[in-house]
Amino acid sequence: MKINRIVYLFGRRFYKVPWLFWQVIKAGNAKKYTIQERYAIIKKVCHKVNIYAHVNIICTGTENLPKENGFLLTPNHQGLFDVLLMIDTCDNPFSIVMRKDLENIPLLKQVMKALDGEAIDRDDPRQAMTVIKEMTEQMISGRNFVIFPEGTRSRNGNIPGTFKGGTFKSAVKAKAPIIPVALIDSFKPFDIKDTKSVNVQIHYLEPIFYEEYKNMKTVEIASLVKSRIVEKIEMETGVKQN
């Protein structure tokens, strides 16, 4: 009988669960720890979880991450595992921008707090603009963010959905580098009911700097970012997308 990988993880490593939760909660203490220290704690937890869950990560392109902070990571979205995958492979601390309806999910809520995450309500333009303004100011001051341009996870495996132009407003206002990130098979750890080792891929692509996109509309930037991600997914999987 095939069982959920996460159920297996908690059942097989039940004695580790309290420690993992405690580490995440501890990382939420912004008064005691710097963002670098909090990120390091969460990164260690994510790495442990990936090992316990038998997830093998194939990662390329970390050399494409800018040396100076203040950039926007824009991956395709396949599920909740995407966040664990990115934290495990990216050494530069970043904050997560998630849909507001996800902000109270246990564990994710604590991770968001630890990393100074932002919750955006796409149905509330005023609230969304407030978040974009805060992101802009923070990126100018050297903070990194990850936001999913699709707004919600794709239900078609490695085929990304529509990338929304509004996702890129903060980067444009901050004149920040945009780093497309191609995720492949990252839906498998949560979606496939199997406990065998599974391979997932993450590829950090070359940054798109302000000089390249400054004369483009945000919808054009969205199209450019998606095209580069799709190109990388096609190259790695050998499957052409329509």
Side-chain angles (χ1 to χ4, degrees), residues 4-57 59 62 65-73 75 77-121 127 130-131 134-135 137-139 141-148 153 170 179 181 183 186 189-190 195 198 200 202 204:
N4 183 279
R5 184 178 303 271
I6 304 306
V7 173
Y8 169 82
L9 184 158
F10 282 103
R12 188 72 182 272
R13 303 280 183 170
F14 67 93
Y15 57 94
K16 293 286 189 179
V17 173
W19 179 86
L20 293 172
F21 271 98
W22 167 243
Q23 291 297 304
V24 173
I25 293 172
K26 181 178 74 172
N29 190 341
K31 293 182 179 180
K32 184 176 181 180
Y33 302 104
T34 65
I35 183 61
Q36 289 79 12
E37 291 170 332
R38 284 180 276 144
Y39 186 81
I41 295 171
I42 297 297
K43 184 178 177 67
K44 184 177 181 180
V45 170
C46 289
H47 185 66
K48 291 287 187 182
V49 169
N50 292 336
I51 291 175
Y52 296 159
H54 297 169
V55 177
N56 302 317
I57 299 174
C59 176
T62 54
L65 294 170
K67 295 295 185 286
E68 293 186 4
N69 289 318
F71 55 79
L72 184 67
L73 295 160
H77 196 13
Q78 297 191 358
L80 291 175
F81 183 76
D82 298 347
V83 174
L84 280 79
L85 178 57
M86 294 191 69
I87 294 174
D88 196 354
T89 56
C90 182
D91 290 334
N92 304 64
F94 61 74
S95 297
I96 307 162
V97 181
M98 299 287 283
R99 299 198 328 261
K100 193 169 181 62
D101 59 311
L102 298 176
E103 66 177 342
N104 290 317
I105 293 180
L107 195 56
L108 180 58
K109 177 181 180 179
Q110 286 73 29
V111 170
M112 290 279 285
K113 179 182 178 183
L115 302 183
D116 298 330
E118 300 278 2
I120 192 167
D121 187 349
Q127 189 270 355
T130 299
V131 172
E134 291 175 355
M135 288 174 61
E137 293 173 352
Q138 293 292 338
M139 272 193 281
S141 67
R143 185 168 157 193
N144 309 315
F145 284 91
V146 57
I147 189 169
F148 298 97
R153 61 169 292 184
S170 58
I179 297 89
V181 184
L183 303 181
S186 64
F190 279 175
T195 59
V198 60
V200 299
I202 179 168
Y204 295 95

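If you read the sequence from its start, that first residue is 1, and numbering goes on from there.
- A donor-acceptor pair under 3.5 Å links the side-chain atoms of Asn144 to the main chain of Pro93, judged by distance alone.
- Looking at heavy atoms from C-beta onward, Val146 lies out of side-chain contact with Val181 at the 4.5 angstrom threshold.
- To the nearest 0.5 Å, atom NZ of residue Lys113 and atom CD1 of residue Ile25 are 9.0 Å apart.
- Using a 4.5 Å heavy-atom cutoff, the side chains of Met86 and Tyr204 are in contact.
- With values rounded to the nearest 0.5 angstrom, Ile96 atom CD1 is found 11.0 Å from Leu73 atom CG.
- Taken from OH in Tyr33 to NZ in Lys26, the straight-line distance is 4.5 Å, to the nearest 0.5 Å.
- Within 6.0 Å of CH2 on Trp22 lie no more than 12 heavy atoms contributed by other residues, nucleotides or ligands.
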Point to revise | Lys48 and Val45: CA distance, side-chain angles, deciding distance, side chain to side chain contact (heavy atoms under 4.5 Å, CB included) verdict | key: CA-CA 5 Å; Lys48 291 287 187 182; Val45 170; 5.7 Å; no
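- Scanning both residues, Gln78 and Leu183, for their nearest heavy atoms gives NE2-O, 3.1 Å.
- No donor-acceptor contact under 3.5 angstrom links the side chains of Ser95 and Asp116, judged on distance only.
- The side-chain heavy atoms of Lys43 and Asp91, taken from C-beta on, include a pair separated by under 4.5 Å.
- The nearest pair of heavy atoms linking Leu65 to Cys90 is CD1-SG, 3.9 Å.
- When side chains are defined from C-beta on, Pro75 does not count as touching Asp82, because their heavy atoms never get closer than 4.5 Å.
- Between Asn92 atom CG and Gln36 atom CD the span is 10.5 Å, to the nearest 0.5 Å.
- Looking only at atom types and distance, the side chain of Asp88 has a donor-acceptor partner in the side chain of Asn50 under 3.5 Å away.
- Closest heavy-atom contact between Val131 and Ala119: CG2-O, 3.7 Å.
- Between Ser170 and the options Met135, Gln138, Glu118, Glu134, a side chain to side chain contact (heavy atoms under 4.5 Å, CB included) holds for only Met135.
- With rounding to the nearest 0.5 angstrom, the CD1 atom of Ile202 is 10.0 Å from the OG1 atom of Thr62.
- For the pair Ile120/Gln127, a side-chain contact is recorded, criterion being any heavy-atom separation below 4.5 Å from C-beta on.
- Residues passing the ring-ring contact (aromatic ring centres under 6.0 Å, His included) test with Phe94 are Tyr39, sequence neighbours excluded.
- The NE2 atom of His47 lies 12.0 Å from the CG atom of Leu84; values are rounded to the nearest 0.5 Å.
- Gln23 is not listed as a side-chain neighbour of Lys44, based on a closest heavy-atom distance of 4.5 Å or more.
- Under the 30°/60° scheme for interplanar angles, the aromatic rings of Phe148 and His77 are found to lie parallel.
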